[in-house]
Amino acid sequence: MLALKVGLLQYIGDEFGPELAARLLDGNEFDGNIDAFRVFLQQTVVLKPTSGRGGTLPAQDVCARDIPFLEFVDIIFKLQFGAASDIGSADAWLGPAEDSLGKTVRFRFQSSLLKTAMWAKLCERLGRPAFLRLLTGVLAVFPDTSAQPNLKWETFRYRRPAENTYNIRKTRMYYRVSNLVKHIRFMGAPTQVLLDEICGAPIGKSKKVRKLRNLIEHAKRRELSIDYLRLRRSIVTRADSCDTVFAYCSAPNQVIRFVLVVVYRLLPSQTFGSAENRSKLSKAIMTFMLLSRFDTFDVCAFVGSLKVKDIPWLGKSEKITSVQDLELRTTILRGFFKFLFGVLIVRIVSRFWYVTESPIVDASPNLYFPHSTWKRITRVWLQEYILRFLCKVECPFDMSAPQKNIANFGILRLIPKKSDLRPLCVPCSFPIGPEFKKEAHPGFSRKQTFTPDRIRPIRDILRFQQARYVNAYPSSSTGCHLASVVGKKILEFRQRLLQHGGIPPLYGVQFDMKHCYDNLNQAKIITCIEELFAIESNHEEYFLRNVSSYSSSCLSYRKNFNLISVRKDIETLDVAQNDKYAARKDVVVDNGRLAKYNKSHVIDLVRSQVIESVVQIPDDKFQFFKRTRGVFQGFPLLATLCDVVYNSLVDNVILCGLMDKSGTHSLLLRLADDFLFISTSKEVCHKAYVNAVSAEAQRYGAYVNMDKLKFLDSSVPAQSSASFVGLSIDMKSLSIHQGSALRIRIPQSCRKSLKGSVQYILRFLFQRLQDYLIDLDLVTVETALDSIDEILAPILQITTQLFQEAEGLPERAKLAESHVFNIVNGVIQRWTTVNGDGIYLKCMGPYLESVFNRMVEAIGNIPV
């Protein structure tokens, strides 16, 4: 449903007539609120549906009841939303309840906006029937021109813009296991089936595609003479030695060459009409092969770059006879290339290679493992993994029918690392195997993966309870969730040392945990969760109110999240009264869904996730396994459970008795399973390491990875720096820089235009230029300028490359000038926001001038 934003007064005029709208503005000398009422009518905005709403209107008899205005509003609201309550009855919305202190609370959310004097005055002037019609005719109300909608009478259904069916992805190429056979055929389907697949609909024996039919039959005959296995052996070479897992892969350029050879063996060069068209196709295939998993390839843009008139098998005759004929040829060509890229090339690659995403930033976005090599690697690895962490079980559900509500099931997927494999459990709504027949359940799609609606609220409650636990015990440890938090804590530690007389010699130990998720002790997980909730009564209840945030136009994006509260603070769930959400620039909409969980329900579901989760390994045997230790990586609760357990590990083991040492200053940083401990005492630092490798720590399932263990000492040059979660830390001065040379990989969706690419570069700049890197209360001017330079260096490099490639573009000079100005101005704005515009901005003057001149010189001669 589309929506239109209009003024309240205009909406009343459109719905009830301009005379009524004009009469609302009339006043007299005895009406003291008429000026405020006029402002209310003129500034309030409503979201008006542009099509039929299809909702159920409240009963009209409420208008005839002789009841106070506030009760009138409550009845309307209850009739609109009463059936949608997840708690179990409509009374949960409006009925009273008592909290743990005996205070009476009421479940009144969106209707509170309508209970002001201005809305009561509007109801009086319009009359109750018209007022009811007004409320049931709008989607949302924006009071006082604010972007915050505090009223929404039905679920606003956000609809993404219609997706172009010719924007294709190659997701079906990934994670496909295949067995090679001697005779491989990609065009083996009947000609009519291939023709219908290209045209997108059954077309019978239409003369309009007669030449296309002949082309397909010709390709099928040519394929009979192709020996794909022999062709691959002649093009793709194997590595002599394999030091890492990645060395087993086929080189991307060899895979691309193989695809090009196969395509041109199947489709001779005259298929594309001219050498220019063939050259563009080769470049397009290379571009498509180098896309990442979720990048899109625009078939329409590619077809638009070709010379359609040169392609001989389009249309009834060689010449284009009309505009309609050109459109028909273009449509057929789009379908043909959609089949070529989205089906044929995907089948070719997935038949010969197991394709995964690459974890290496500066390499190709994809890794291509020959199927035989991948099976050999994973077979040996899985045998050891099953022996250490899993136990075989029978299928826990009926595989002859789709299971639509499996909360603890997933398919095992292996992701390559440098010298190992990472097991991921992808949550799924049904198993795979010969017993599950898709044809027997035509209404159930295999693409329907498991959506953890039951799990995500539990995760939100766990995080909410973590914050409550920290408030109850301020000395308890919390991990860092972002690298920026790590950097800020280090610089604040530096400030504390400076306030105590300067930075003394520092010592540190850095380590991570080996197979963090696989080794977690299941009993400890449940114990730590129970301790987390021990501060609450056994009858505590958690209420979740589902809301959505939209762009100000309600069309660009939508994000769903939950507001959480315990019973005694339930008023905070009222979006209309919550100051935190009233100040947001985007549109926060109450979805009218309230859910309730009690303490025992949360703990029981965590226990189920930890102990009862089942994984299926997608091999020939279709076996099922449960864990004997650890948790499956990939489930929604995993990161939160690990965080809770490691917080307990830090408090009770690693830092036990260390932070109370007099005369010493210490800092422990943790991001997931990466640890960095810094102290002014070498003895304390060593004790933290001893605690981390102790038997007590191993009872948590925490085993220090000795291969990555590193001791730090600011007085020893070789040990005076540390690289931690992407940050380079100097132990002598505790200054921070970006840990490694930054690289910018512009997504293909942004590379469609030069403007889109430079906008992505600007977003990269603002994401990387964190406040703590340039905050002069934490760092020196020199360190701040170095941080800026480290971020601008890769920006300068890729910007130069982009504008050199677009040398013939008419608007290149104007866009280059604007881009350079935006970069420099963005740095100035961030600097002044953090540090003010005083003397330090003058210190930046020469530096920014040099940056500006370097960028202008590198991009070329542009008017400035």
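Side chains included, hydrogens not; waters and symmetry mates left out as well; all remaining heavy atoms used. For clarity, every value in this text was computed on a predicted model and none was experimentally measured.
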Tell me, with the steps shown, if E276 and K280 meet salt bridge (Lys or Arg N to Asp or Glu O under 4.0 Å).
CA-CA 6 Å; E276 182 181 354; K280 290 180 179 178; 3.4 Å; yes
For this session: Start with the C-alpha gap between Y264 and R278, add the side-chain angles, then the distance that decides, and say whether side-chain contact (heavy atoms from CB on, under 4.5 Å) holds.
Result: CA-CA 10 Å; Y264 290 126; R278 176 170 172 154; 3.5 Å; yes
Verdict with supporting geometry, V255 and M289, side-chain contact (heavy atoms from CB on, under 4.5 Å)
CA-CA 9 Å; V255 177; M289 291 294 294; 3.7 Å; yes
- Which is it for L194 and F339 under the side-chain contact (heavy atoms from CB on, under 4.5 Å) test, yes or no, and what are the steps along the way? CA-CA 9 Å; L194 295 174; F339 170 79; 4.0 Å; yes
**Request:** For side chain to side chain donor-acceptor pair (under 3.5 Å), just list the numbers for D643 and T640, CA-CA rounded to whole Å, side-chain angles, deciding distance to a tenth of an Å, and then say yes or no.
**Result:** CA-CA 5 Å; D643 194 47; T640 306; over 6 Å; no
### Query
Checking side-chain contact (heavy atoms from CB on, under 4.5 Å) for the pair R257/Q254: CA distance, chi angles, key distance, verdict?
CA-CA 5 Å; R257 183 186 172 198; Q254 294 182 351; 5.5 Å; no
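Residue Q797 qualifies as open at atom CD: its count of foreign heavy atoms under 6.0 Å is 12 or below. Around CZ of R422, the count of heavy atoms belonging to other residues, nucleotides or ligands within 6.0 Å does not exceed 12. The number of heavy-atom neighbours closer than 6.0 Å to NZ of K417, taken from other residues, nucleotides and ligands shown, is above 12.
Within the 3.5 Å criterion, the main-chain N or O of L314 finds a donor-acceptor partner in the side chain of R329. K220 places a side-chain N or O within 3.5 Å of a backbone atom of M187 that can act as its donor or acceptor partner. A donor-acceptor pair under 3.5 Å is absent between the side-chain atoms of R351 and the main chain of S178, judged by distance alone. The closest donor-acceptor contact from the side chain of S279 to the backbone of A275 lies at 3.5 Å or more, if one exists at all. A donor-acceptor pair under 3.5 Å links the side-chain atoms of S350 to the main chain of V346, judged by distance alone. A distance-only check finds no donor-acceptor pair linking the side chain of Q623 to the backbone of Q616 [under 3.5 Å].
Aromatic ring pairs are classed by plane angle as parallel below 30°, tilted from 30° to 60° and perpendicular above 60°; the pair F341 and F302 is perpendicular. Aromatic ring pairs are classed by plane angle as parallel below 30°, tilted from 30° to 60° and perpendicular above 60°; the pair F352 and Y228 is tilted. Using cut-offs of 30° and 60° on the angle between ring planes, the pair Y354 and W374 is parallel.
Counting heavy atoms from C-beta on, the side chains of V349 and M173 come closer than 4.5 Å. The shortest distance between side-chain heavy atoms of I226 and V262 does not fall below 4.5 Å. Residues D196 and Q192 are in side-chain contact: their nearest non-hydrogen atoms beyond the backbone lie under 4.5 Å apart. The shortest distance between side-chain heavy atoms of V303 and F337 falls below 4.5 Å. Contact annotation: the side chain of F336 approaches that of L267 to within less than 4.5 Å [non-hydrogen atoms, C-beta and beyond]. Annotation: side chain of S613 is not in contact with side chain of V631 (no heavy-atom distance under 4.5 Å). Residues V177 and K375 form a side-chain contact, since some pair of their non-hydrogen atoms from C-beta on lies under 4.5 Å apart. Here the side chains of V615 and I411 are not in contact, with every heavy-atom distance at 4.5 Å or above.
Considering all non-hydrogen atoms of both residues, N519 and K514 come closest at ND2-O, 2.7 Å. Of all heavy-atom pairs spanning P423 and L414, the tightest one is CA-CD2, 3.9 Å. Pairing each heavy atom of S358 with each of N366, the nearest pair is CB-N, 4.0 Å. In plain terms, the two heavy atoms of H515 and D420 that are nearest each other are CE1-OD2, 3.4 Å. Summarising the geometry of L671 relative to A483, their closest heavy-atom pair is CD1-N, 3.8 Å, with the distance given to 0.1 Å. The two atoms that bring F635 and P427 nearest to each other are CD2-CG, 3.9 Å, heavy atoms only.
A salt bridge links R627 with D518; the closest basic N to acidic carboxylate O contact falls under 4.0 Å. Classification of E217 and R210 as a salt-bridged pair fails, no side-chain N sitting under 4.0 Å from a carboxylate O.
Annotation: cation-pi pair R629/F389 absent, no NZ/CZ under 6.0 Å from the ring centroid and within 45° of its normal. Seen from the ring of F625, K392 does not count as a face-on cation partner, given the 6.0 Å and 45° thresholds.
The distance from atom CG of N560 to atom CZ of R456, rounded to the nearest 0.5 Å, is 9.0 Å. Within the model, atoms CD1 of I345 and CG of L260 stand 8.0 Å from one another, a figure rounded to the nearest 0.5 Å.
Using modelled atom types, one finds a donor on one side chain and an acceptor on the other under 3.5 Å when comparing W353 with S250. At a cut-off of 3.5 Å, with distance as the only test, no side-chain donor of S292 or E357 sits close to an acceptor on the other residue.
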